[in-house]
Amino acid sequence: MKEHEKTISPKKTTGEKSSSLSLDFIRAIIAQDKTNNKHGARVHTRFPPEPNGYLHIGHAKSICLNFGIAEENEGGLCNLRFDDTNPSKEDQEYIDSILEDVRWLGFDWGDRLFYASDYFEKLYDFAVHLIKKSRAYVCDLSPEEIRQYRGTLTEPGKDSPYRNRSVEENIDLFTRMRAGEFPDGSRVLRARIDMKSPNINMRDPVLYRILRATHHRTGNQWCIYPMYDFTHPVSDSLEGITHSICTLEFEDHRPLYDWSLNELDIFRSRQIEFARLNLTYTVMSKRKLLDLVEEGFVSSWDDPRMPTISGLRRRGYTPEAIRDFCDRIGVAKNDSMVDIALLEHCIREDLNMKAQRRMAVLNPLKVVIDNYPAEKTEEFVIRNHPGNPLMGSRPVPFSRTLYIEQEDFMEDPPKKFFRLSPGVEVRLRGAYFITCDRVLKDENTGEILELHCTYDPDTRGGDSPDGRKVKGTIHWVSAPHSIEAEVRLYDRLFTVENPCGEKEERDFKTYLNPESMDIVSSCRIEPSLKNAASGESFQFERLGYFCVDSKDSSGEHLVFNRTVTLRDSWAKIERSSEAREKIVK
RNA sequence: UGGGGGAUCGUUCAACGGUAGGACAGCGGACUCUGACUCCGUCAAUCUAGGUUCAAAUCCUAGUCCCCCAGCCA
């Protein structure tokens with residue numbers, strides 16, 4: 001093995017928890033419950049998505065938390081349950097995508113795939129039970145009236161005139177609601193709690209509404225549907241969920257959650273709330289993401305710029321990187337905004353280890369090696385990973401005509417430019433040292449058309465026998481052997497860190513980054529990439545990590561997505577010198 | 001101006017009366033056949049004001065600021 005091919009030592013396993021000696025507050029509660037032998041020290045969580053959109057990286061945080069906790073605890077379980085109580089917004093397409101995404105992230109719900117709609121009959125019986133206890137009543141107020149009767153944040157509400165109907169009348173009315181005797185929105189079933197409660201959720205919340213919509217699972221079997229606040233505690237309880245973990249905005253609903261379990265006198269699940277994930281330069285609500293899809297700002301839910309699981313997957317993110325990210329961001333109750341640079345760090349770290357190296361030229365500049373025989377072709381065997389010999393090597397053809405990156409040549413280079421320029425010698429990665437002799441330009445435009453260089457045959461393989469050093473090593477492809485590809489360069493979706501929280505309250509879409517996707521259609525890539533598999537990831541040396549697009553790439557038309565750039569200290573130098581120039585001006 | 005939450009380096013998580021620590025980002029350097037990776041160094045924080053204590057991020061009191069709630073959405 002050559003000196004420069006030293007093996008990288010296996011890094012610490014990503015995602016390991018050993019680094020965090022302290023438990024987050026939820027795991028601390030669970031550990032406490034176990035030592036107290038609560039529920040027989042059983043740990044059972046659930047992930048309860050509503051199938052009204054695709055899962056995003058924020059959901060991944062919840063998935064990793066819920067399934068992670070189950071995995072960490074001996075005998076622990078995590079259910080996957082669809083919270084499908086609003087047929088007007090939900091769809092089978094979303095169910096399919098959610099199933100695929102959770103599985104892809106690496107989690108297993110075993111035989112515990114549930115639907116809240118499976119409990120509709122039981123939920124109905126529980127509602128009847130509340131009526132019989134005088135804890136629920138049918139209310140004929142219109143939606144508008146209900147709002148008025150509810151009061152405001154500072155004023156108490158007042159009792160509905162229907163609040164004191166007899167049990168018999170309520171049973172009769174509720175039965176007829178189910179039977180479809182009343183029009184949509186004409187009546188609701190409400191809990192009978194306290195219209196003067198300072199917590200608005202306790203002011204006789206609606207338990208059931210009349211809604212004629214075809215449900216994706218129960219069809220037209222029902223015309224009344226239970227509300228989240230009633231469905232959720234009951235579903236958790238029926239499944240024996242010990243710890244029901246949800247986001248902060250449900251904190252105010254916890255008294256109602258507890259009220260339901262208490263009045264029904266069924267298994268007491270405990271709701272615990274944590275802060276949802278926010279990421280810089282993107283949005284994280286299903287409504288806003290749906291907006292972007294429907295208005296065509298992105299191609300689909302799995303557009304590689306989307307923070308959805310399917311978008312990240314198509315972009316080239318791995319489940320390991322996403323899980324590592326979720327471990328690193330932690331779990332707490334502070335509203336937070338995580339720097340997307342952390343996500344990028346996680347994928348770089350994972351792909352650095354896993355991705356084979358290739359050479360690809362995004363913006364080709366023709367180079368002719370004048371002293372290289374015109375008909376000659378040779379093959380260099382180049383390692384697929386400089387630090388890992390186990391990843392093998394591949395032949396890379398070389399000839400008299402090459403392409404290099406336009407950015408790698410400057411006729412009049414600044415101080416620290418270590419690449420090719422007239423009279424300067426650089427190394428072609430894995431091949432030869434070359435020196436630039438001549439620059440051919442378009443007479444009219446001044447555009448650089450091609451470079452003429454000479455090579456040193458003694459530097460074959462990239463090392464000079466006389467110990468001569470070069471400052472730069474650049475990537476290349478042999479022009480006649482290279483193949484064409486389309487490369488899509490992705491950047492952040494928005495131009496500002498928090499598109500929803502800017503001082504001037506513009507629509508978040510006005511902050512969309514017009515340069516979030518740059519399609520480069522005539523890239524030249526090395527021939528070994530010809531048979532790259534759909535979704536496969538590579539490092540294009542000196543450029544970044546790229547994967548074969550799973551939708552648009554084919555044998556005839558290769559399409560690569562840029563997952564993330566390499567860290568680029570040259571770009572940093574350029575930026576700071578530009579900044580200096582501005583100051584001078 | 002009701003109720004429920006939250007305030008620790010730029011960001012994020014920790015420290016649970018006893019040295020404010022990690023990660024990411026930043027900056028500087030070493031190494032380098034990827035200006036990558038790796039390594040080393042460095043910058044940098046307890047919302048404010050009182051109080052208790054030998055000792056306070058942590059306990060007490062009073063403020064300040066931020067987030068959530070008035071869907072027949074979840």
Side-chain angles (χ1 to χ4, degrees), chain A residues 2-6 8-9 11 19-22 24 28 48-50 52 83 85-86 88-89 139 141-143 146-147 150-157 184-190 197-203 205-211 225 227-229 231-232 246-255 273 275 280 286-287 328-339 341-346 348-349 352-353 357 359 382 386-387 416-419 427-431 461-463 470-475 497 539-544 565-573:
Chain A
K2 290 179 191 166
E3 170 62 26
H4 68 267
E5 292 176 338
K6 50 180 178 276
I8 51 164
S9 54
K11 286 205 55 186
S19 55
S20 52
L21 293 161
S22 60
D24 62 66
E50 184 190 10
N52 66 343
D83 221 330
T85 57
N86 185 0
S88 62
K89 287 184 178 172
C139 181
L141 255 24
S142 70
I146 286 189
R147 196 182 321 135
R150 188 155 33 221
T152 67
L153 293 178
T154 50
E155 303 156 33
D184 284 11
S186 60
R187 286 185 163 87
V188 292
L189 183 75
R190 300 175 73 175
S197 171
N199 180 348
I200 290 180
N201 295 301
M202 299 299 269
R203 320 239 261 230
V206 172
L207 265 22
Y208 268 87
R209 76 280 214 186
I210 303 172
L211 177 64
Y225 290 94
M227 302 288 290
Y228 166 87
D229 280 319
T231 308
H232 212 82
C246 63
T247 42
L248 250 28
E249 67 270 26
F250 293 104
E251 235 162 354
D252 284 348
H253 296 239
R254 193 179 345 122
E273 311 85 10
T280 55
K286 283 194 272 190
R287 207 214 87 231
R328 288 173 184 250
I329 57 177
V331 179
K333 298 191 74 161
N334 309 335
D335 292 309
S336 63
M337 172 78 71
V338 175
D339 190 342
L342 181 60
L343 218 209
E344 293 176 345
H345 169 82
C346 292
R348 283 193 188 105
E349 188 171 87
N352 177 46
M353 202 161 51
R357 313 286 125 127
M359 289 195 284
I382 298 181
K416 289 178 186 160
F417 188 82
F418 298 149
R419 310 174 189 181
R427 172 167 37 235
L428 294 175
R429 173 113 237 235
D463 283 310
V470 284
K471 281 290 227 181
T473 299
I474 62 175
H475 60 277
E497 284 199 354
Q539 185 196 94
F540 290 173
E541 293 212 28
R542 305 207 305 130
L543 297 174
T565 61
L566 257 28
R567 289 186 72 214
D568 188 350
S569 52
W570 169 243
K572 219 175 284 175
I573 293 169

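Note that the structure is predicted; figures quoted are calculated from it, not measured. Scope of the values below: all heavy atoms of this structure, side chains included, with no hydrogens, waters or symmetry mates. Residue numbers begin at 1 in each chain, while the letters A, B, ... track the order of the sequences.
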*Asks:* Indicate, with a heavy-atom threshold strictly under 4.0 Å, whether V206(A) touches base, sugar-phosphate, or nothing.
*Replies:* sugar-phosphate

*Asks:* Taking 4.0 Å as the cut-off, does a side-chain nitrogen or oxygen of H345(A) come that near to OP1 or OP2 on C24(B)?
*Replies:* yes

*Asks:* How does each nucleotide of nucleotides 16-22 of chain B score, in 5' to 3' order, for protein heavy atoms under 4.0 Å: base (B), sugar-phosphate only (S), or none (-)?
*Replies:* -------

*Asks:* For nucleotides U53(B) and U58(B), find the distance between their C1' atoms and express it as a whole number of Å.
*Replies:* 13 Å

*Asks:* F417(A) near the nucleic acid: base, sugar-phosphate alone, or nothing, with a heavy-atom cut-off under 4.0 Å?
*Replies:* base

*Asks:* Can you tell me if R147(A) touches the phosphate of G71(B), counting only side-chain N or O atoms and a distance under 4.0 Å to OP1 or OP2?
*Replies:* yes

*Asks:* L566(A) side chain: which of A70(B), A74(B), A36(B) is closest?
*Replies:* A36(B)

*Asks:* So what does T565(A) touch, heavy atoms closer than 4.0 Å: a base, only the sugar-phosphate, or nothing?
*Replies:* nothing

*Asks:* If a pair means Watson-Crick or G-U wobble with both distances below 3.5 Å, what does RNA chain B look like in dot-bracket form, with | marking bases paired to a different strand?
*Replies:* .((((((..((((....[..)))).(((((.......)))))....(((((..]....))))))))))).....

*Asks:* At 4.0 Å (heavy atoms only), tell me whether Q539(A) reaches a base, stays on the sugar-phosphate, or touches nothing.
*Replies:* base

*Asks:* Decide salt bridge (charged side-chain N to carboxylate O under 4.0 Å, His left out) for K286(A) and E50(A); before the verdict, give the C-alpha distance in whole Å, the side-chain angles of both, and the deciding distance to 0.1 Å.
*Replies:* CA-CA 10 Å; K286(A) 283 194 272 190; E50(A) 184 190 10; 5.0 Å; no

*Asks:* Can you tell which of A25(B), A74(B), U12(B) lies closest to the side chain of M337(A)?
*Replies:* U12(B)

*Asks:* Quantified in whole Å, what is the P atom distance between nucleotide U8(B) and nucleotide A15(B)?
*Replies:* 14 Å

*Asks:* What does V470(A) touch in the nucleic acid at a heavy-atom separation under 4.0 angstrom: a base, only the sugar-phosphate, or nothing?
*Replies:* nothing

*Asks:* Could you pick out which residue, A571(A) or M227(A), lies toward the 5' side of RNA chain B when each is mapped onto its nearest nucleotide?
*Replies:* A571(A)

*Asks:* Please work out if L207(A) contacts a base, only the sugar-phosphate, or nothing of the nucleic acid, heavy-atom cut-off 4.0 Å.
*Replies:* nothing

*Asks:* Begin from the C-alpha positions of H345(A) and R328(A) and carry the test side chain to side chain contact (heavy atoms under 4.5 Å, CB included) through to its verdict.
*Replies:* CA-CA 11 Å; H345(A) 169 82; R328(A) 288 173 184 250; 3.7 Å; yes

*Asks:* Using atom C1' in both nucleotides, what's the gap between U38(B) and U12(B) to the nearest angstrom?
*Replies:* 25 Å

*Asks:* Considering only the C1' atoms, how many Å lie between A25(B) and A44(B), rounded to the nearest integer?
*Replies:* 12 Å

*Asks:* Less than 4.5 Å apart, side chain to side chain, heavy atoms only: is that true for I474(A) and L428(A)?
*Replies:* yes

*Asks:* Is R209(A) close enough to C73(B) that one of its side-chain N or O atoms is under 4.0 Å from OP1 or OP2 there?
*Replies:* yes

*Asks:* Does the side chain of R429(A) come within less than 4.5 Å of R542(A)'s, by heavy atoms?
*Replies:* no

*Asks:* Looking across every strand, which nucleic acid part, if any, lies under 4.0 Å from R150(A) by heavy atom: base, sugar-phosphate, or nothing?
*Replies:* sugar-phosphate

*Asks:* For the C1' atoms, the ones on U46(B) and on G41(B), what distance do you get once it is rounded to whole angstrom?
*Replies:* 26 Å

*Asks:* Are the ring of Y228(A) and the base ring of A74(B) both nearer than 5.5 Å at their centres and tilted by less than 30°?
*Replies:* no

*Asks:* With a non-hydrogen cut-off below 4.0 angstrom, is K416(A) in contact with a base, only sugar-phosphate, or nothing?
*Replies:* base

*Asks:* Would you kindly compare D568(A) and R348(A) by the position of their nearest RNA chain B nucleotide and give the one closer to the 5′ end?
*Replies:* R348(A)

*Asks:* Across the strands shown, which category fits I146(A) at heavy-atom distances under 4.0 angstrom: base, sugar-phosphate, nothing?
*Replies:* base

*Asks:* Give one of base, sugar-phosphate or nothing for T231(A), where a contact means two heavy atoms less than 4.0 Å apart.
*Replies:* nothing

*Asks:* Quick one: which of G35(B), U12(B), G26(B) gets closest to the side chain of S336(A)?
*Replies:* U12(B)

*Asks:* G71(B): syn or anti, with syn meaning chi within 90° of zero?
*Replies:* syn

*Asks:* Which value, in whole Å, describes the distance between the P atoms of nucleotides C47(B) and A7(B)?
*Replies:* 9 Å

*Asks:* Considering every strand and a 4.0 Å limit on heavy-atom distances, what is the contact class for H475(A): base, sugar-phosphate, or nothing?
*Replies:* nothing

*Asks:* Should R429(A) be listed as having a side-chain N or O under 4.0 Å from OP1 or OP2 of U32(B)?
*Replies:* no

*Asks:* Categorize Y208(A) for me: base, sugar-phosphate, or nothing, with a 4.0 angstrom heavy-atom threshold over every strand shown.
*Replies:* nothing

*Asks:* Using the side-chain heavy atoms of L342(A), tell me which of these nucleotides is nearest: G35(B), A23(B), A74(B).
*Replies:* A23(B)

*Asks:* Within a strict 4.5 Å, meaning less than it, do heavy atoms of the H232(A) and P48(A) side chains meet?
*Replies:* yes

*Asks:* Expressed in whole Å, how much space separates the P atoms belonging to G10(B) and U48(B)?
*Replies:* 13 Å

*Asks:* From A14(B), C72(B), G26(B), pick the nucleotide closest to the side chain of K572(A)?
*Replies:* G26(B)

*Asks:* Mind checking I573(A) for me? I need base, sugar-phosphate or nothing, with any heavy atom below 4.0 Å counting as a touch.
*Replies:* base

*Asks:* Does S569(A) place a side-chain N or O at less than 4.0 Å from the phosphate oxygens OP1/OP2 of A36(B)?
*Replies:* yes

*Asks:* Nucleotides 3-7 of chain B: which of its N/O atoms have a protein N/O under 3.5 Å away?
*Replies:*
from  : atom 1 : to      : atom 2 : distance (Å)
G3(B) : N2     : D252(A) : OD1    : 3.4
G3(B) : N2     : D252(A) : OD2    : 2.7
G4(B) : O2'    : D252(A) : OD1    : 3.3
G5(B) : O2'    : E251(A) : OE1    : 3.3
G6(B) : O3'    : N334(A) : OD1    : 2.8
G6(B) : O2'    : N334(A) : OD1    : 3.3
A7(B) : OP1    : N334(A) : OD1    : 3.2
A7(B) : O5'    : N334(A) : OD1    : 3.2

*Asks:* Should I200(A) and D252(A) count as side-chain neighbours, where that means a heavy-atom distance under 4.5 Å?
*Replies:* no

